Amino acid sequence: MGDVLPVGQKQLIYQSEKWVWLRRAYDEWTMAHGYRYIETPIVEEIDLFKRTSGETSDIVNKEMYLVRRSSQDGDEEKGFHLCLRPEGSAGVSRAVVEHGLARSASGLKFYYMAPMFRSERPQKGRYRQHTQIGAEVFKEESPAADVEVIALLYNFYRRIGLEQLELNINSVGDPNCRPAYREALIKFLEQFKDKMSEDSRARMYSNPMRCLDSKDRKDQELFADAPMMLEYLNEECSEHFAEVKMGLEKLGIPFTVNPRLVRGLDYYTKTAFEVLCKSLDGAIQTIGGGGRYDGLVELLGGPPTPAVGFGSGIERVLLALDSQNIEIPGYPAPRALIAYLDNGVKYDALKMAEELRSQGHAIEFVYRAKNLGKQLSHANKLGANFAVIVGGVEWERGEVSLKNLITRDERAVKIEDVSKILATAAGANSPML
RNA sequence: GCGGGAGUAGCUCAGUCGGUUAGAGCGCGGGAUUGUGGAUCCUGAGGUCGCGGGUUCAAUUCCCGUCUUCCGCCCCA
């Protein structure tokens, strides 16, 4: 029996340094944009996602992990009220509403890196538990926010070395212009009612826009001449979209307008976008996506609050990096290993290691060593440049033996000088002092 | 949620047409070197053959279920 919600061992165990590296890179990048880290609960009310993603969405219908809460006397409350969150935006928006943040000053910019859960058949790049990095901007209706959010995501990918990126954008309108389009689209679809795929027929009235990105070839042919949302945008949405495009051009971010791009979630308005990485297999090329969701905060009981954001699965980002053979720095090698000649000075050595660590050095230590050779061998394996050998006559004189593992030079130094020497002897090949 | 392949040591994999103590390479521990490392040689540990059930005198091997994993859908990140 494996983990209940396996993430993929290779990501978790064998590539942990890649996760650490990616997380740091994302922290740095979002902070450079002035975003603040936010953490929201993994478990949320089911209702939150029913209201935001939509009752008819696949996420709610067949991919939700339901959680039943038990009361203290052991009786289980009837029904399922809770679930493991399937995505990030709804939870952040709920937090914004609950803490009254939407009423505070502008400049509400948040980022997160957090696990998401979807109960589906696992496959490469599609896991029941996956981790998303995301960012959300609230209280900002300017297209500049859309542009910045897209730039943050796209340039993050570039920054970590990814190539073969493709940015697709679209506008899905707003509650003012979408109803007319919806009506026109349904009218168009109805003429193919008998010919279209079952999936499309099921969605035709509940979520007709989803029919447009049907993977069914026959559907694609049938719907080739379908009316597009872009043709029905009102003046406000149209101007907004134009400014987003202009902004992206100005920032030198290449994009393609894809009128069939439809986000799976109901709360998106105006801008929708996704980033593909073409070096990945087709089914998992989408590494990030998002858009504007001006109606979400109000839907959750807050004041009308425009918002824009994205989510991106880091397991896929790591796969994308792999697919392009991009080297990621591993854990840094320790600066030195503190070795001891006999157990009598073992804790003197460990104490010295702690002191050097507190002075900013990365120090290794072997808990149980039979002889010095094993310790040096270990230092070697870890890539340490120095070994500090504690014990013997040097120790009694208040000295240790400092050995450069590259040059094999070794000499006695005063204990209080070790930190300084480790700090000044810079690179692997530089001589001691 | 649907269809198909796979699961044997920490890792990569052999093998068993059902039959005594299931193997290799790498990795790991110990030694040759009792205060000096990357090579070499010697040596050792490590497996309920994914889990549960069935057939059988006997199952790691055959059958069923289940979980995990990979592939194709659905969908998405």
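None of the values given here were measured: they were computed from a predicted structure.
Rounding to whole angstrom units, NZ of residue A/Lys124 and P of B/G72 are separated by 9 Å. In this structure, A/Phe310 atom CZ and B/C76 atom C1' are separated by 17 Å, rounded to whole Å. The distance between atom CD of A/Glu63 and atom C1' of B/C2, rounded to the nearest whole Å, is 14 Å. Summarising the geometry, the separation between CG on A/Asp219 and P on B/C73 is reported as 16 Å, rounded to the nearest angstrom. A/Met64 places its CE atom 15 Å from the C1' atom of B/C75, with the value rounded to the nearest Å. One can place CD1 of A/Ile389 at 12 Å from P of B/G35, the figure rounded to the nearest angstrom.
Nearest to the side-chain atoms of A/Asp199 among the listed nucleotides B/G31, B/U36, B/C75 stands B/C75. Closest to the side chain of A/Ser401, out of B/G38, B/C76, B/G35, is B/G35. In this structure, the nucleotide among B/G35, B/U36, B/G30 sitting nearest to the side chain of A/Glu394 is B/G35. Side-chain atoms of A/Ala283 lie closest to B/C75 of the nucleotides B/G30, B/C75, B/U36. The side chain of A/Arg128 lies closest to B/U68, out of B/G37, B/U68, B/A77.
Side-chain atoms of A/Arg210 stay outside donor-acceptor range of the base of B/C75, with no qualifying N/O pair under 3.5 Å. If you check distances only, the side chain of A/Glu120 does reach the base of B/A77 with a donor-acceptor pair under 3.5 Å. Within 3.5 Å, no donor on the side chain of A/Gln375 pairs with an acceptor on the base of B/G35, nor the reverse.
Heavy atoms of A/Leu341 sit under 4.0 angstrom from at least one base atom. Using a 4.0 Å heavy-atom distance criterion, A/Ile314 is classed as making no nucleic acid contact. Within the nucleic acid shown, A/Val345 has no heavy atom closer than 4.0 Å to any nucleic acid atom.
Nucleotides B/A24 and B/G65 place their C1' atoms 34 Å apart, quoted to the nearest Å. B/U56 and B/C63 have their C1' atoms separated by 12 Å, with the value rounded to a whole Å. Between the C1' atoms of B/A58 and B/C26, the separation comes to 35 Å (whole Å). Nucleotides B/G44 and B/U48 place their C1' atoms 22 Å apart, quoted to the nearest Å. Comparing the C1' positions of B/U21 and B/G25 gives a spacing of 22 Å, expressed to the nearest Å. Comparing the same atom, C1', in B/U8 and in B/C51 gives a spacing of 14 Å after rounding to whole Å.
At least one side-chain nitrogen or oxygen of A/Gln123 sits closer than 4.0 Å to the OP1 or OP2 atom of B/G72. Side-chain nitrogen and oxygen atoms of A/Arg368 include none within less than 4.0 Å of the OP1 or OP2 phosphate oxygen of B/G30. Contact between the side-chain N/O atoms of A/Lys381 and the OP1/OP2 oxygens of B/C28 is found at a separation under 4.0 Å. Between A/Arg203 and B/C75, a side-chain N or O to OP1/OP2 separation shorter than 4.0 Å is present.
Under the Watson-Crick and G-U wobble criteria, each requiring two contacts below 3.5 Å, nucleotide B/U20 is left unpaired. Nucleotide B/G1 is matched to B/C73 when pairs are restricted to Watson-Crick or G-U wobble geometry with both distances under 3.5 angstrom. When both pairing distances are held under 3.5 Å, B/C41 makes a Watson-Crick or G-U pair with B/G31. Here B/U68 sits opposite B/A6 as a Watson-Crick or G-U wobble pair (both hydrogen-bonding atom distances under 3.5 Å). Across all strands shown, B/G47 remains unpaired; no Watson-Crick or G-U wobble contact has both distances below 3.5 Å.
For the pair A/Arg94 (side chain) and A/Leu48 (backbone), a donor-acceptor distance under 3.5 Å is absent.
Donor-acceptor pairing under 3.5 Å is recorded for the side chains of A/Ser419 and A/Gln359. A donor atom on one side chain and an acceptor atom on the other are found under 3.5 Å apart for A/Asp146 and A/His240.
Within the 4.5 Å cutoff, side-chain heavy atoms of A/Met228 are placed close to those of A/Arg260. You'll find the side chain of A/Val400 stays beyond 4.5 Å of the side chain of A/Glu394, heavy atoms only.
The number of heavy atoms from other shown groups lying within 6.0 Å of CD (A/Glu141) does not exceed 12.
Relative ring orientation between A/Tyr232 and A/Tyr181 is described as tilted, the plane-to-plane angle lying within the 30° to 60° band.
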